[in-house]
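Both counts, for ligands and for their atoms, begin at 1 and track the order of listing.
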Amino acid sequence: MPTAARPISDVLLTEAQLRRRVSALGAAIAADYAGLDPLLVGVLRGVIVFMADLMRAIPIPFTVDFLAISSYGAQSQPGQVRLLKDLESNIEGRHVLFVEDMVDTGLTLHTLLRLLNERRPASLHVCTLFDKPRLRLVKLPLRYVGFELPDRYVVGYGLDYRQLYRNLPFVGALSAQVLLPNGGGTENDAT
Ligand code: 5GP
């Protein structure tokens with residue numbers, strides 16, 4: 001069968017599994033942050049689908065803001081990022097929850113947490129939908145984790161391969177024909 005017809009080799013998480021887990025994360029966040037007026041911070045673009053569903057699963061008042069970053073490319077230090085869009089909110093004294101789609105080596109997140117910590121929030125915690133702990137290179141405290149994933153390149157539910165597949169409502173592994181040997185993701189868009 002041609003690649004275009006079968007881009008996904010197998011489904012790792014169904015729409016129903018994602019919905020259930022995101023609801024549970026939202027309930028836990030609402031319980032922990034009640035009365036704290038938290039600020040949810042996401043990094044464009046991979047987080048948008050998760051953020052949209054998570055927001056609707058948190059039944060307490062909160063605000064939301066976004067960063068956009070790009071990597072410097074193959075020549076750069078791992079985790080080195082360029083800020084394309086900064087937050088519009090002043091986070092000093094705020095309870096900030098950093099919402100991530102995926103933590104892999106953790107280097108990108110490590111850099112971003114350091115940047116946000118310099119702005120003296122009242123608290124700074126992380127909620128990631130996906131965690132690949134076997135690939136971690138830096139120790140990071142992850143307060144909320146949706147799912148641990150094996151070391152496979154996945155797409156769907158906001159995650160892309162060369163900007164495609166973000167619209168899949170499930171999370172799947174790409175077929176070998178699609179996943180070229182020179183690696184996944186995008187060259188400039190870090191998420
Ligand atoms: P790291 O933690 O290695 O610094 O980078 C994590 C970023 O790598 C994620 O935000 C995501 O953009 C990308 N990434 C890591 N694993 C995957 C994957 O399986 N699929 C997709 N689409 N992106 C991934």
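Of all atoms in ligand 1, listed by their number and element, those nearer than 4.0 Å to a heavy atom of D101 are 10 (O). In summary, the atoms of ligand 1 found under 4.0 Å from a heavy atom of T108, numbered by their order in the structure, are 1 (P), 4 (O), 5 (O). Annotation for ligand 1: atoms under 4.0 Å from non-hydrogen atoms of V154 are 18 (C), 19 (O), 20 (N), 21 (C), 22 (N). Near K132, meaning under 4.0 Å from any of its heavy atoms, are these atoms of ligand 1: 16 (N), 17 (C), 18 (C), 19 (O). For ligand 1, the atoms sitting less than 4.0 Å from at least one non-hydrogen atom of R152 are 19 (O), numbered in the order shown with element in parentheses.
Considering every non-hydrogen atom in both D37 and R94, the closest pair reads O-NH2, 3.0 Å. Considering every non-hydrogen atom in both L54 and C127, the closest pair reads CD2-SG, 4.3 Å.
When the side chains of ILVMFWY residues are joined at heavy-atom separations under 4.5 Å, either directly or via intervening members, L135 and V81 end up in two distinct hydrophobic clusters.
Here D10 pairs with R152 in a salt bridge; the nearest charged N to carboxylate O distance falls below 4.0 Å. With respect to the salt-bridge test (charged N to carboxylate O, under 4.0 angstrom), the residues R119 and D86 qualify.
At distances below 3.5 Å, at least one donor-acceptor pair connects side-chain atoms of S175 with backbone N or O atoms of P7. At least one donor-acceptor pair under 3.5 Å links the side chain of S9 to the backbone N or O of A173.
At a heavy-atom cutoff of 4.0 Å, ligand 1 is contacted by no atom of L135, backbone or side chain.
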Distance-only donor-acceptor hits, side chain of residues 18-31, under 3.5 Å, sequence neighbours excluded:
{"residue": "R21", "atom": "NE", "partner": "G146", "partner atom": "O", "Å": "2.8"}
{"residue": "R21", "atom": "NH2", "partner": "V145", "partner atom": "O", "Å": "2.8"}
{"residue": "S23", "atom": "OG", "partner": "R19", "partner atom": "O", "Å": "3.0"}

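The closest approach between any non-hydrogen atom of G46 and ligand 1 is not below 4.0 Å. Ligand 1 does not have L109 within reach: every non-hydrogen atom of the residue lies 4.0 Å or more from it.
Considering backbone and side-chain N/O atoms, D160 comes within less than 3.5 Å of an N/O atom of ligand 1. Inclusion of V103 in the set of residues having an N or O under 3.5 Å from an N or O of ligand 1 is not warranted.
When the options L149, V47, L12, D104 are ranked by their closest heavy atom to atom 15 (C) of ligand 1, first place goes to D104.
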